[in-house]
There are 2 protein chains.
Amino acid sequence: MNIKDIAKIAGVGVSTVSRVLNNHSDVKDETREKILKIIKDSNYVPNNSARILKQNNTKNIGVLVKGVFNPFFSEMINIIGNKIHEYGYTMVLQQNDYTFDEDMDTLLGFIKEKRLQGVICLGGNFIDIKEDSFDSVDAPIVLTSVNTISDLGKSKYSSIGIDNKKSAYHATKYLINLGHKNIAIMLGEKDDLGIGWWRLKGFKEALLEYNYNFSEEHILIGNYEVESAYKTTKNLLMEKPDISAIFAISDAMAIGVAKAIIDSDLKIGQDISIIGFDGMNISEFYNPSITTVKQPKELMAVMSINHLFDLINKKEGHKHILLDTELVKRESSKEVKIVENILA
Amino acid sequence: MNIKDIAKIAGVGVSTVSRVLNNHSDVKDETREKILKIIKDSNYVPNNSARILKQNNTKNIGVLVKGVFNPFFSEMINIIGNKIHEYGYTMVLQQNDYTFDEDMDTLLGFIKEKRLQGVICLGGNFIDIKEDSFDSVDAPIVLTSVNTISDLGKSKYSSIGIDNKKSAYHATKYLINLGHKNIAIMLGEKDDLGIGWWRLKGFKEALLEYNYNFSEEHILIGNYEVESAYKTTKNLLMEKPDISAIFAISDAMAIGVAKAIIDSDLKIGQDISIIGFDGMNISEFYNPSITTVKQPKELMAVMSINHLFDLINKKEGHKHILLDTELVKRESSKEVKIVENILA
DNA sequence: TTGTAAGCGTTATCAT
DNA sequence: ATGATAACGCTTACAA
């Protein structure tokens, strides 16, 4: 069943049917009604590929996600997906977890292969952006919550994210002001080159400001997983009891840390304070509730997709936005308890 | 840059280029190398639409999700997405949260519009499947973790899920055997017609077996959300202290219930026992850990996508699979404490 | 082993 | 207001 069949049944030419299909005004109402009825009756759906071939517009928006296991992104994908659908476009979702290519290559290939009209990257490392990196594609690109370092090529793409360094700095400072001197930080991976690198930097900066010493031993690795974080923390607690606070750079890891503390018969807050990062709702409902750096994820999602459509429709040019985070103070972080030195 | 340009540059006919593109064997190695080099140098990517138009194979797999906010599905989408990519197909993800159409109509429209080669539905209600419901499409369909009622048309689609009634029955029985007599159940919505309906049925069945009374007052509504569950439970605890256990039909709601109990100065396990449903890892790491009905979500995801490809490749026919759940016993459910009646 | 040309289902241009 | 037809970029007989 194609446009020709419909035309034949209706006793009109294919162009008339096409006009009806595309809501052109120059069709007699009567004819339009008749054709519409036939289309409906025969369950005809236009062939998208033929349309795209002709119009050169796939109406496909790509969403490239690094680390989909991150529940933080799931919700954003949801918001983005709904908006894409609303705009009459199709979402093509591709994960990028197990690819060891440069994220850049994956992105460029993705756009070309799927002939995307635009793409949003959720997470990932784009540390080697060059001035001409995006010259070979003309689909607008929005990098959301990704790690970039270079200032090159900034006029060729947009980015939306938070100030990771600053957020980590404030979180750490908050702990310091509570009297903590021996603070550990839990990163995702050893030598994390992504956002973890910036958060570590903010952490160190706060420490430096107060002349507190920082050693590699204060770095814990949690693989961004609850389970890993749990094991790492348990091991730590058996060896180094002089730590009074742990700053985990994801809420998922903060949960693992919390449970490890509990299972080690220590009291969260009293014995060891915790701060997480992300602002997932479990941090609020955990027992005890967990202090966290809340990212404005709904806003990030909405801005990303709206801005992308503005770019597509050429209503706006590329821009780079840093949104504010909020330090949500909860039960897991308390003033450090004064340890009376019996020998003193 | 199209196939003609490449052919011109290489000094060959378009069909030779096409043969190279499609890995046909009947091309001289020398010619192949030359063409491959030109393709690479000129960054040429074949136009998918033209290809599809000709071959009538989009290589698109649809994933239609109801309730993507459910973190339970996110992980499954991840597994499914990776497999689709691995098979050289593209995943088209569509959410179905705010659609009030029948899920059936959405599904059929989705397949036709995107010309899908196959589709997996994650969640949703397909209670009105007729014998000929799927006759108008020829893409194989796998319904995963969805609610079906009718036995009609079973040879036209596949399904993979768990036995919701049985699972709920066993969970309830476990509570009863711990001595609980006044058990509340928390459903997603009032008059839940989906899986909630079956879980409620299993719940009632267990109660009936022990001649325990069931009243509408034992039904709580939590909207499948942590927050809602929290509020509902808090209200309940202010009014009805004769309940000794709550069975929440999702882990997310179980967390809300747990926190509400804690905030009401009651002890989970001692005062009120909790059972959740799904087997998300937070149930293990919550404080205290929460008993739950664990669904084999990885297995469900893997089976769904593998079976779909078997159907596409006609290696197998439609089938209906019920997987086993596991009741994971944890700290949140304990023997009911004996209440000494002081007046007795 | 390679080239020529028809045809996939649309849309858009140009007549009428 | 409507119809005939070229063109989009590819694959695949068929011919050479």
Side-chain angles (χ1 to χ4, degrees), chain A residues 1-39 42-60 88-90 111-117 137-138, chain B residues 1-39 42-60 88 90 111-117 137-139:
Chain A
M1 186 63 62
N2 59 30
I3 200 173
K4 239 175 172 171
D5 298 321
I6 301 293
K8 202 173 290 168
I9 298 174
V12 300
V14 286
S15 25
T16 306
V17 179
S18 176
R19 279 187 265 263
V20 171
L21 248 24
N22 295 281
N23 281 317
H24 289 193
S25 52
D26 52 352
V27 178
K28 211 203 298 174
D29 275 355
E30 191 190 337
T31 320
R32 181 187 301 275
E33 298 304 322
K34 189 170 76 179
I35 293 175
L36 245 22
K37 186 173 175 349
I38 293 172
I39 288 176
S42 51
N43 267 314
Y44 162 73
V45 180
N47 184 319
N48 235 320
S49 306
R51 260 187 154 154
I52 293 168
L53 179 60
K54 195 66 199 166
Q55 303 190 325
N56 223 19
N57 182 352
T58 58
K59 288 223 166 199
N60 282 343
Y89 280 65
T90 299
I111 296 175
K112 283 182 190 165
E113 196 189 325
K114 313 294 188 220
R115 301 250 136 150
L116 303 171
Q117 248 51 58
V137 297
D138 49 351
Chain B
M1 186 62 63
N2 59 31
I3 200 173
K4 240 176 170 169
D5 298 321
I6 300 294
K8 203 173 291 166
I9 297 174
V12 300
V14 287
S15 36
T16 306
V17 178
S18 175
R19 280 187 265 261
V20 171
L21 248 23
N22 295 282
N23 280 317
H24 289 194
S25 52
D26 52 353
V27 179
K28 210 204 300 175
D29 275 356
E30 192 191 336
T31 320
R32 180 187 304 274
E33 298 305 323
K34 189 170 74 178
I35 294 175
L36 245 23
K37 186 172 175 351
I38 293 172
I39 288 177
S42 52
N43 268 315
Y44 164 73
V45 181
N47 184 318
N48 234 321
S49 306
R51 252 182 163 159
I52 293 168
L53 180 58
K54 192 65 199 173
Q55 300 189 326
N56 224 18
N57 182 352
T58 58
K59 288 222 166 198
N60 281 344
T90 298
I111 295 175
K112 282 182 191 165
E113 197 189 323
K114 313 293 188 222
R115 304 250 142 165
L116 303 171
Q117 248 51 57
V137 297
D138 49 353

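Per chain, numbering begins at 1; letters A, B, ... match sequence-line order.
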With axes from five pairs an end, tell me the bend angle of the helix from C/dT1-D/dA16 to C/dT16-D/dA1, nearest 10°.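 Helix axis angle between the two ends: 40°.
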Please round to the nearest 0.5 Å and tell me the distance separating atom OG1 of B/Thr16 and atom CD1 of B/Ile3.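 With rounding to 0.5 Å, OG1 (B/Thr16) is 9.5 Å from CD1 (B/Ile3).
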Rounded to the nearest 0.5 Å, what separates atom CG in A/Asn60 from atom CD1 in A/Ile52?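 Rounded to the nearest 0.5 Å, the CG-CD1 separation comes to 6.0 Å.
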Got a sec: does the CG of A/Asp26 have more than 12 other heavy atoms crowding it under 6.0 Å?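 Yes.
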State, with a plain yes or no, whether a side-chain heavy atom of B/Val137 is found less than 4.5 Å away from one of B/Leu116.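 SC-SC contact between B/Val137 and B/Leu116 ruled out.
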Counterpart residues, side-chain hydrogen bond (donor to acceptor under 3.5 Å, both in side chains), relative to A/Thr90 (two or more places apart):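 Expected list: B/Lys114.
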Listed partners of B/Arg51 passing side-chain hydrogen bond (donor to acceptor under 3.5 Å, both in side chains), at least two apart: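 Residues passing side-chain hydrogen bond (donor to acceptor under 3.5 Å, both in side chains) with B/Arg51: B/Asn22.
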Tell me, please, which residues at least two apart from [X] pass side-chain contact (heavy atoms from CB on, under 4.5 Å).
X	result
A/Ala50	A/Asn47, B/Leu53
B/Asn23	B/Arg32
B/Asp5	B/Met1, B/Asn2
A/Asn57	A/Lys59, A/Gln117

Chain B on DNA chain D: first and last contacting nucleotide, 5' to 3', under 4.0 Å to a heavy atom?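 That gives a stretch of D/dG9 to D/dT12.
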Starting at [atom1] of [X] and ending at [atom2] of [N], how long is that distance when rounded to a whole Å?
X	N	atom1	atom2	answer
A/Asn23	C/dT11	CG	C1'	14 Å
B/Asn47	C/dC8	CG	P	18 Å
A/Asn57	C/dT10	CG	C1'	14 Å
A/Ile6	C/dT11	CD1	P	13 Å

Considering non-hydrogen atoms only, spot the tightest contact between B/Glu113 and A/Val45 and give its length.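 Where B/Glu113 meets A/Val45 most closely, the heavy atoms are CA-CG1, 4.1 Å.
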I'd like to check the ring pair (Phe, Tyr, Trp, His ring centres under 6.0 Å) partners of A/Tyr44; sequence neighbours left out, ordered by chain and number.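 None.
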Contact residues, residues 25-35 of chain B to DNA chain C [heavy atom, < 4.0 Å]: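 The answer is B/Asp26, B/Val27, B/Lys28, B/Thr31.
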Among residues at least two apart in sequence or on other chains, which ones pass salt bridge (Lys or Arg N to Asp or Glu O under 4.0 Å) with B/Lys37?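 Partners of B/Lys37 under the salt bridge (Lys or Arg N to Asp or Glu O under 4.0 Å) test: B/Asp41.
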Mind listing the N/O atom pairs, protein and nucleotides 12-16 of chain C, below 3.5 Å?
none

